[in-house]
Amino acid sequence: QSWNPKTAYWIYSARYYSAYADIRLSFLRDTLIDGHDCQILKRDAIEYSYFDKTYSYHVWDNEVTYYKSGVTYILNDNKFDTLYYFSAHINDKYRITSKLSWPARDSAYAIVIDTGHVFVNSSKLKWLAVDYNFQHMGTKYKLRDIIIEKIGATKYYHLPWDFINGMVDGNEGGSLKCY
């Protein structure tokens, strides 16, 4: 599928209360779920502890995605949610996947504020500038990100819900360091 080439991998930064990490997402294998040709992405991390000044390696749970008609889907609680909406146009609005663990998850959405194209390795790829919008206990949050076709989010991690989840405890993932 065109969303995630088998040789692709992403490295995102992460910061926690007591550690720094580099998170890597990479192709693990293909699978078929509910008639969709899916790809399993492995998530692993190298973490540096500020307290004991040591590095450690962790393998986290996998993510399952598929791409169809300009939309990348991600498996969430045994159903597929929209992860990225690459066929969107300016002012299109779409709900962000509900992996948010806080009560505002149903009010989380993205609005496309601009689009364009960029060349990456001689391939013309569409990009979207989106505002992620969240609301929690009367407070509204708006975070701007650039999402690039075949690559994904560049500022707030591959999975955009984590920024708000991690505001107190630290983020699972930050900005894209390497693709």
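What you see is a predicted model; the values in this text were computed from it and never measured.
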Exercise for the section: May I ask you to test the Tyr66-Gln39 pair for a side-chain heavy-atom distance under 4.5 Å? Expected result: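 With C-beta onward as the side chain, the pair stays apart.
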Handout entry: Check: Arg43 and Arg24 side chains under 4.5 Å, non-hydrogen atoms
Key =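 A side-chain contact under 4.5 Å is absent here.
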How far apart are the closest heavy atoms of [X] and [Y], and which atoms are they?
X	Y	result
Lys124	Phe119	CB-CE2, 3.7 Å
Leu125	Glu149	CD1-O, 3.4 Å
Cys38	Ile33	SG-CB, 4.1 Å
Ile146	Ala129	CD1-CB, 3.7 Å
Leu176	Ala153	CB-O, 4.2 Å
Ser49	Ala19	CA-CB, 4.2 Å

[atom1]-[atom2] distance between [X] and [Y], expressed to the nearest 0.5 angstrom:
X	Y	atom1	atom2	value
Ile147	Leu83	CD1	CG	8.0 Å
Leu28	Leu25	CG	CG	11.5 Å
Glu63	Lys42	CD	NZ	14.5 Å
His89	Asp114	NE2	CG	13.5 Å
Ile11	Asp44	CD1	CG	9.0 Å
Thr154	Lys177	OG1	NZ	15.0 Å

According to a 4.5 Å side-chain heavy-atom criterion applied to Ile, Leu, Val, Met, Phe, Trp and Tyr, with indirect links allowed, do [X] and [Y] form part of one hydrophobic cluster?
X	Y	answer
Ile111	Ile90	no
Val118	Tyr84	yes
Tyr9	Tyr12	no
Tyr67	Val64	yes
Val71	Trp127	yes

Handout entry: Residue from Arg144, Lys155, Lys93 passing salt bridge (charged side-chain N to carboxylate O under 4.0 Å, His left out) with Asp131
Key =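 One option only clears the test, and that one is Arg144.
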Handout entry: Presence of salt bridge, Lys79 and Asp81, under 4.0 angstrom
Key =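 Looking at Lys79 together with Asp81, the answer is yes, because their closest N to O distance falls below 4.0 Å.
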Problem - Salt bridge flag under 4.0 Å for residues Lys6 and Asp30 - result: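 Asp30 and Lys6: salt-bridged.
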Problem - Side-chain donor/acceptor of Trp10 to backbone N/O of Ile151, under 3.5 Å - result: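 Present.
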Practice task
Answer yes or no: is there a donor N or O on one side and an acceptor on the other, between the side chain of Thr115 and the main chain of Leu128, under 3.5 Å?
Solution key: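 Looks like no, no N/O pair under 3.5 Å.
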Exercise for the section: Evaluate the side-chain contact (heavy atoms from CB on, under 4.5 Å) criterion for residues Phe80 and Ile74: first the C-alpha distance (whole Å), next the side-chain angles of each, then the deciding distance (0.1 Å), finally the verdict. Expected result: CA-CA 5 Å; Phe80 284 99; Ile74 189 166; 5.8 Å; no
Handout entry: Aromatic Phe86 / basic Lys126 pairing, under 6.0 angstrom, 45° off normal
Key =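 Cation-pi check for Lys126 and Phe86: fails.
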Exercise for the section: Check whether the side chains of Ser123 and Asn121 place a donor and an acceptor atom closer than 3.5 Å, and report yes or no. Expected result: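 The answer is no; no qualifying pair exists.
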Practice task
Run through the side-chain heavy atoms of Ile, Leu, Val, Met, Phe, Trp and Tyr, join any pair under 4.5 Å, and report what else lands in Tyr50's cluster.
Solution key: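 Hydrophobic cluster check, Tyr50: joined to Tyr20, Ile46, Tyr48, Tyr55, Tyr57, Val59.
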Practice task
I would like to know whether Val130 and Ile113 meet side-chain contact (heavy atoms from CB on, under 4.5 Å); could you show each step before the answer?
Solution key: CA-CA 6 Å; Val130 299; Ile113 58 168; 6.0 Å; no
Problem - Name of the residue among Tyr85, Tyr73, Tyr109 meeting ring pair (Phe, Tyr, Trp, His ring centres under 6.0 Å) with Tyr94 - result: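 That would be Tyr85; it is the only one of Tyr85, Tyr73, Tyr109 passing the ring pair (Phe, Tyr, Trp, His ring centres under 6.0 Å) with Tyr94.
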